[in-house]
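Handing you this structure, nothing more for now.
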Amino acid sequence: MTKEEAIIKAHAMYAYEESEKSDEETGDFDALWQSLYDVCQLATYGVLDFDEDEINEAREWLKETRHMTKHYQETEIYF
C-alpha cells in the first residue's frame, strides 16, 4: 500500500470520522496516524463506542502504516 492509498483508506474509516482529523489542515501523515492511534486506543478501552470490526480495521491500518510515519515507527501498538 502506498502512502496515498493509506490516506484514502484511513479517510474512509469510521474511526477517522470519530477522530480529531488533525491532518485536515496540514495534510501531515503523522498527524493522521496519531489521530487514528488515539481514537483506536479509546475505542479499545470502551471510552468510545465502536464495534469490534471497526476497532480491528483501525488497529490493522496502524500496524500496516506505522513504517510510513516519521515519528511513530517505534510506537508500540499494545491495545
Side-chain angles (χ1 to χ4, degrees):
M1 166 175 12
T2 67
K3 190 179 278 189
E4 293 76 21
E5 291 169 333
I7 292 168
I8 291 167
K9 185 175 181 177
H11 286 174
M13 286 192 281
Y14 176 72
Y16 181 75
E17 292 303 316
E18 296 300 310
S19 77
E20 62 185 333
K21 302 176 188 175
S22 60
D23 68 305
E24 281 187 326
E25 291 183 21
T26 65
D28 182 56
F29 189 79
D30 277 27
L32 170 61
W33 198 91
Q34 181 65 48
S35 289
L36 287 176
Y37 180 91
D38 291 345
V39 79
C40 185
Q41 185 177 31
L42 291 170
T44 297
Y45 294 114
V47 176
L48 296 175
D49 188 27
F50 281 38
D51 66 36
E52 195 63 33
D53 288 340
E54 293 163 339
I55 294 170
N56 288 336
E57 178 183 41
R59 186 183 301 121
E60 287 305 310
W61 183 90
L62 290 168
K63 289 177 182 177
E64 290 175 16
T65 61
R66 179 175 38 199
H67 74 279
M68 297 178 189
T69 66
K70 294 178 185 171
H71 302 290
Y72 301 110
Q73 292 185 11
E74 302 295 321
T75 300
E76 184 178 343
I77 301 169
Y78 56 88
F79 44 85

Between CG on residue Leu36 and CD on residue Glu57, distance to nearest 0.5 Å: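 Atom-to-atom, Leu36:CG and Glu57:CD are 9.5 Å apart.
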Reported OG1-to-CE distance for the pair Thr2 and Met68, which is rounded to 0.5 angstrom: 6.5 Å
Phe29 and its side-chain contact (heavy atoms from CB on, under 4.5 Å) partner, picked from Lys3, Glu4, Gln34: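 Output: one option passes, namely Lys3.
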Exceeds 12 heavy-atom contacts within 6.0 angstrom, atom CG of Asp51: yes
is_close_aromatic(Phe79, Tyr37), centroid dist under 6.0 Å: yes
Ser19 side chain near Asp38 side chain, heavy-atom distance below 4.5 Å: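 They are not in contact (no side-chain heavy atoms under 4.5 Å apart), so the answer is no.
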Heavy-atom pair of closest approach, residues Ser35 and Ser22: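 Heavy atoms only, the tightest pair is OG-OG, 2.7 Å.
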Test item: Glu17 and His11 side chains (from C-beta on) under 4.5 Å apart, heavy atoms: no
Which atom of Val39 lies closest to which atom of Leu48, heavy atoms considered: CG2-CD1, 3.2 Å
Euclidean distance, Thr65 OG1 relative to Glu5 CD, rounded to 0.5 Å: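 Output value for this atom pair is 12.5 Å.
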N/O donor-acceptor pair under 3.5 Å between Arg66 side chain and Thr75 backbone: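 Looks like yes, one N/O pair under 3.5 Å.
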Nearest-0.5 Å distance, OH of residue Tyr72 to CD of residue Glu76: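 Reported value, rounded in 0.5 Å steps: 16.0 Å.
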Exercise: do Asp53 and Tyr14 side chains pair donor with acceptor under 3.5 Å: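 Tyr14 and Asp53 do not have a side-chain donor-acceptor pair below 3.5 Å.
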Derivation and outcome, side chain to side chain contact (heavy atoms under 4.5 Å, CB included), residues Asp23 and Trp33: CA-CA 9 Å; Asp23 68 305; Trp33 198 91; over 6 Å; no
Glu54 side chain near Met13 side chain, heavy-atom distance below 4.5 Å: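 Answer no - side chains too far apart.
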Neighbour count above 12 (heavy atom, 6.0 Å) for Gln73 CD: yes
Linked, directly or transitively: Ile77 and Ile55 (ILVMFWY side chains, under 4.5 Å):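 Yes; tracing contacts between hydrophobic side chains, which count when under 4.5 Å, links both residues.
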Met1 side, atom CE; Ile7 side, atom CD1 - distance, nearest 0.5 Å: 11.0 Å
Full working for side chain to side chain contact (heavy atoms under 4.5 Å, CB included) between Thr44 and Phe50: CA-CA 8 Å; Thr44 297; Phe50 281 38; over 6 Å; no
Where Trp61 and Ala6 come nearest, the two heavy atoms and their spacing: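 So the two residues come closest at NE1-O, 3.0 Å.
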Salt bridge flag under 4.0 Å for residues Lys21 and Glu25: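 Here Lys21 does not pair with Glu25 in a salt bridge, since their nearest N and O are not under 4.0 Å apart.
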